[in-house]
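Everything numeric in this text was worked out from a predicted model, so none of it was measured.
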Amino acid sequence: LALAASSNSTTESTLNAEISREQSYISIQQASLTAELNQANQILQQLPSQLQGVNELYSAITGYNQNQG
């Protein structure tokens, strides 16, 4: 029984170490994905004003939609 308990303890320690490594990896990936999503969100938030600028430029060049806005 002592040998089985020692083996179980070793296995448990190994598994705990693997779990810690995986949690660390997940944490790093989470931080990376959060940064990417924040950057994408900033880009998406800029699109309406960029579109408005393009529309204004188009209107100035073509005279189309001059009465709006």
Side-chain angles (χ1 to χ4, degrees):
L1 287 176
L3 183 59
S6 175
S7 177
N8 285 344
S9 178
T10 301
T11 301
E12 182 181 359
S13 294
T14 302
L15 289 174
N16 284 334
E18 288 180 21
I19 289 169
S20 292
R21 282 193 298 273
E22 289 299 321
Q23 287 176 331
S24 177
Y25 175 76
I26 289 169
S27 179
I28 292 167
Q29 291 299 313
Q30 181 181 15
S32 176
L33 289 172
T34 299
E36 286 183 46
L37 287 172
N38 285 337
Q39 184 178 17
N41 189 44
Q42 289 175 351
I43 292 168
L44 289 173
Q45 288 180 353
Q46 292 172 359
L47 289 178
S49 63
Q50 290 177 352
L51 179 60
Q52 179 64 31
V54 169
N55 285 338
E56 289 174 4
L57 183 59
Y58 179 78
S59 293
I61 292 170
T62 65
Y64 183 76
N65 259 352
Q66 289 283 335
N67 294 330
Q68 293 184 0

CG of Asn8 to OG of Ser13, rounded to nearest 0.5 Å, is 10.5 Å
I need the Leu51 CG to Tyr58 OH distance, nearest 0.5 Å. 13.0 Å
Distance-only donor-acceptor pairs under 3.5 Å for side chains of residues 23-49, two or more places apart:
{"from": "Thr34", "atom 1": "OG1", "to": "Gln30", "atom 2": "O", "distance (Å)": "2.8"}
{"from": "Asn38", "atom 1": "ND2", "to": "Thr34", "atom 2": "O", "distance (Å)": "3.3"}
{"from": "Ser49", "atom 1": "OG", "to": "Gln46", "atom 2": "O", "distance (Å)": "3.0"}

Taking Thr14 for its side chain and Thr10 for its backbone only, find out whether a donor-acceptor pair lies under 3.5 Å. yes
